[in-house]
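Just so it is clear: chains get the letters A, B, ... in the order the sequence lines come, proteins before strands, and each one is counted from 1.
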Number of protein chains: 4
Amino acid sequence: MDSTTSISATGSRFERRKQARPGELLEAALALFVEKGFAATRVDEVAARAGVSKGTLFLYFSTKEDLLKAVVREVIAGRFAEWGRELDSFEGSTEELLRYCMQVWWRRVGDTPAAGISKLMLCEAQNFPELSDFYRREVIEPGNELVGRILRRGVERGELRIPEMQYAVKLVLAPMLFLSLWEHAGGLRTPQPNDFDQQRFLSLHVEALLHGWRATPSVPSPAA
Amino acid sequence: MDSTTSISATGSRFERRKQARPGELLEAALALFVEKGFAATRVDEVAARAGVSKGTLFLYFSTKEDLLKAVVREVIAGRFAEWGRELDSFEGSTEELLRYCMQVWWRRVGDTPAAGISKLMLCEAQNFPELSDFYRREVIEPGNELVGRILRRGVERGELRIPEMQYAVKLVLAPMLFLSLWEHAGGLRTPQPNDFDQQRFLSLHVEALLHGWRATPSVPSPAA
Amino acid sequence: MDSTTSISATGSRFERRKQARPGELLEAALALFVEKGFAATRVDEVAARAGVSKGTLFLYFSTKEDLLKAVVREVIAGRFAEWGRELDSFEGSTEELLRYCMQVWWRRVGDTPAAGISKLMLCEAQNFPELSDFYRREVIEPGNELVGRILRRGVERGELRIPEMQYAVKLVLAPMLFLSLWEHAGGLRTPQPNDFDQQRFLSLHVEALLHGWRATPSVPSPAA
Amino acid sequence: MDSTTSISATGSRFERRKQARPGELLEAALALFVEKGFAATRVDEVAARAGVSKGTLFLYFSTKEDLLKAVVREVIAGRFAEWGRELDSFEGSTEELLRYCMQVWWRRVGDTPAAGISKLMLCEAQNFPELSDFYRREVIEPGNELVGRILRRGVERGELRIPEMQYAVKLVLAPMLFLSLWEHAGGLRTPQPNDFDQQRFLSLHVEALLHGWRATPSVPSPAA
DNA sequence: AATGAATGAGATTTCATTCAT
DNA sequence: GATGAATGAAATCTCATTCAT
């Protein structure tokens, strides 16, 4: 019932590298869970991919579900703290901040196996309520909050005019979720050649939103 | 040991029309697959929810996977033919058409258990390539095509100016997918009270996009 | 538990033809049991081949096992009585009688689907002790007895000299069983062209045995 | 609930040599398949008889059918190579060789659980064509070939005169098959006390055949 | 700490048998 | 009598988990 995944009990996430086992297992599990889904991934496979025996896996994670939790926690860990700091220290206009955030997100998350976690959580949420709660608390709500802060910054600085903040936040996030899922949708993706540039997609979306949110649309966009 | 729902007040358990069985099973399967995912749903549960025994299910669907296929096909069947006709006979402006389509989609699909199919397919795509192909052919590509036709209509009638159609189509669809998934995300959804109106969300999104696509930004938009 | 197969309760086996159902079912069952074995034959198949529904089959035979019993009984019924009479009225030498019996057996049994019953019984004997007892009493023991009578006839008439009767009987029967089984051995039979003549095989065998049994072998074989 | 055979007196259930498992399972499967037939034997039974759990069986044999194949192969493995060599190095007359082979066969096969395989194959041939092919190639055809070689040896050395070799081979084999089957015919065997000596049966049969095949019946055999 | 053989609960699927019509 | 939809016990096979070494 209770997990054994408190790897970070004594030290930082760098200390853990000393005994690389858990890390390799988490990596393997992440890849396989994302690739095949939780139910369709056998623990033997995870162990094999990590180069250890099945028994060893259970030395570190008492349960397959426990392994999933650890994977999710690992991928998530401390991401938002970091981003929060970056946001606070950003100097430019809010428009620029928003664009910047999107591009950074794409490089650090969207274009990363970590994005598969979003899909994984979406698929497994019903089956693991406890884990869902964790993910909501640690990812979804902070994510919403982060975007909310950015938008409020724009409003407070007189740059943006956003009447219904609740919708605005989701309008910003929707295309990000879209990309996260689409990149891991396997056989569903129509074989787009390579003329689809995700960053461009995000840019176009942001620009469309900003179009309607600019406080003084007359004196156009930023700079001059 | 214990028998099924005792509807035997007036008659036997044969009273229910036999032809209805497959439908009832599909309905039960749809609900459970959407609620718990394919792997986590046991066929006994589906049968029980449909008020029949496990064996009966296999009378109509030779395999659990077969049942999934049938569910997907059932929900999809002929949806796009209908919509194509509506689109062709629409008289108003393309802006109006786009708004209309979104609202109609929400009422006929998004706000319906059928929307859960999108999520289901997203989750199970890897495991059932054949089914994925079907869904892509029958839903995703026609969906893209439909939106593409609407946008091209606007361009051809001189109402819209859309330079990069490939992105435009996905910009339109992203929030719809977002809603479909979000409504079935279970424990991931932060318990929004009732102040979130999905139709409003879709409207805001469409307006933002149209803002940038209107052919005669003469008066408004940025610069001059 | 108890069987319902006493078709011959009131009348002869000809009366039964009036309602042909049971007969058609028995015929179908014989063919399928012989072709695929008891366990691998589904009752649906039997019913289908007989042109009736599964339910109907159970109207006549309370159990699949019961059906098997009826098939065996049907094929066996009264065969030995008939043969016993033929034997008693045979006029020629015992050598001729033996040859005659073999040829007749081949035409009436060996070359008939009924021969498949031997194989069937051999295969299913362990699983149905009661049926085995029946078959032993009704077929094997009478068969041994019949051959025994023939051989004893030869001894008594001074035609044959057979020291160990118990072995002699089985020596006569072995090639008959061999043929019965071989003809129904499916994929085991090496695809002999058509240069194997079962009657010749039986003849050669009988002659070999007679060779050693003739009381006055000097005055060679028959005719002259 | 209840655990397996409590051999835990001295040690654990791991004490048994792990390599022995497949062998023990094959032994158990052979016994049960021969005793009850393939279809009527449940894999749990096999496992139980081998002193392991159901799951363990599937660790070594991926399928029940696979287990059957392995049993057949195991029993067959390399038997004919050995015999071929013996035959080549035999020094005596062909008569003696034939008698010798029969007796050896009885001791090494006929009077062994391995003889049950013949019956098993006969019964299951229809259901497992691939396995039938194997058995035909590995047992039936080599067996025929072996007997053929013996008989041809006699002919070539001027000891025997055999006009129709195809029948001759089968005449030799028929009583062997007869015994193989009869010994495993369960309830079909009339409870012969112990006055039936299989070796004697085989001898009598061989002598009868040789009677007719001897090249120089001039002096010996019947009459004088 | 690491292994991997062993386990057994649980899931899907089959099919003889029942029974309302 | 005949039907065929419905049943549910039973069988195979999977795989997370355990544990002696």
Q.
From CZ of C:Phe128 over to P of E:dA16, roughly how many Å is that when rounded to an integer?
A. 11 Å

Q) Which residues pass the ring pair (Phe, Tyr, Trp, His ring centres under 6.0 Å) test with C:Phe128, sequence neighbours left out? A) C:Phe38

Q: Taking the side chain as every heavy atom from C-beta outward, state whether D:Lys54 and D:Val46 have any atom pair closer than 4.5 Å.
A: no

**Q.** Close side-chain approach of A:Arg73 and A:Ile76, heavy atoms under 4.5 Å
**A.** no

Q: Consider the side chain of D:Ser53, meaning its heavy atoms from C-beta on, and name the nucleotide among E:dG4, E:dT18, E:dG8 that approaches it most closely.
A: E:dG8

Q) Side-chain contact, heavy-atom cut-off 4.5 Å: D:Lys119 with D:Val34? A) no

(Q) Side-chain N or O of A:Tyr60 versus OP1/OP2 of E:dA2: is the shortest distance under 4.0 Å? (A) yes

Q | Nearest atoms (heavy-atom pairs only) where C:Leu25 meets C:Ala47 | A | CD2-CA, 4.2 Å

Q) When rounded to the nearest 0.5 angstrom, what distance separates CG in B:Leu30 from CZ in B:Arg49? A) 9.0 Å

Q | Comparing A:Thr41 and C:Leu57 on DNA chain F - which has the more 5′ nearest nucleotide | A | C:Leu57

Q: Give the minimum heavy-atom separation between B:Pro22 and B:Phe61, together with the two atoms involved.
A: O-CZ, 4.2 Å

Q.
Test your reading of the model: is there a side-chain donor-acceptor pair from D:Thr41 to the backbone of D:Lys36, 3.5 Å cut-off?
A. no

Q) Between atom CD in C:Glu45 and atom C1' in E:dA16, what is the gap in whole Å? A) 13 Å

Q | Length of the CG-P vector between B:Asp44 and E:dG10, whole Å | A | 12 Å

Q. C:Glu24 CD to F:dG1 P: how many Å, rounded?
A. 15 Å

(Q) Can you measure B:Arg42 atom CZ to E:dT12 atom P for me and round it to whole angstrom units? (A) 7 Å

Q | Dot-bracket encoding per residue of DNA chain E, Watson-Crick/G-U cut-off under 3.5 Å, | denoting interstrand | A | .||||||||||||||||||||

Q.
Counting only heavy atoms and a strict 4.0 angstrom limit, can you tell me which residues of residues 29-40 of chain B come near DNA chain E?
A. none

Q) D:Leu188 and C:Ala125: which non-hydrogen atoms are nearest, and at how many Å? A) CG-CB, 3.7 Å

Q.
Given F:dG1, F:dA10, F:dT12, identify the nucleotide with an atom nearest to the side chain of B:Lys54.
A. F:dA10

Q.
If you assign B:Leu59 and D:Glu65 each to the DNA chain F nucleotide with the nearest heavy atom, which residue ends up on the more 5' nucleotide?
A. B:Leu59

Q: Return the value, rounded to whole Å, for the distance between atom CG of C:Leu67 and atom P of E:dT17.
A: 10 Å

Q) Starting at the 5' end of DNA chain E and moving along, which residue's nearest nucleotide shows up first, D:Gly55 or B:Thr56? A) D:Gly55

Q) Atom CZ of A:Phe61 to atom P of F:dC15: distance rounded to whole Å? A) 21 Å

Q) Closest to the A:Lys64 side chain: E:dA1, F:dA16, E:dT7? A) F:dA16

Q | Between P of F:dC13 and CG of D:Leu68, the distance in whole Å | A | 12 Å

Q: Mind checking D:Val43 for me? I need base, sugar-phosphate or nothing, with any heavy atom below 4.0 Å counting as a touch.
A: sugar-phosphate

Q) Are there more than 12 heavy atoms of other residues, nucleotides or ligands under 6.0 Å from atom CD of C:Glu27? A) no

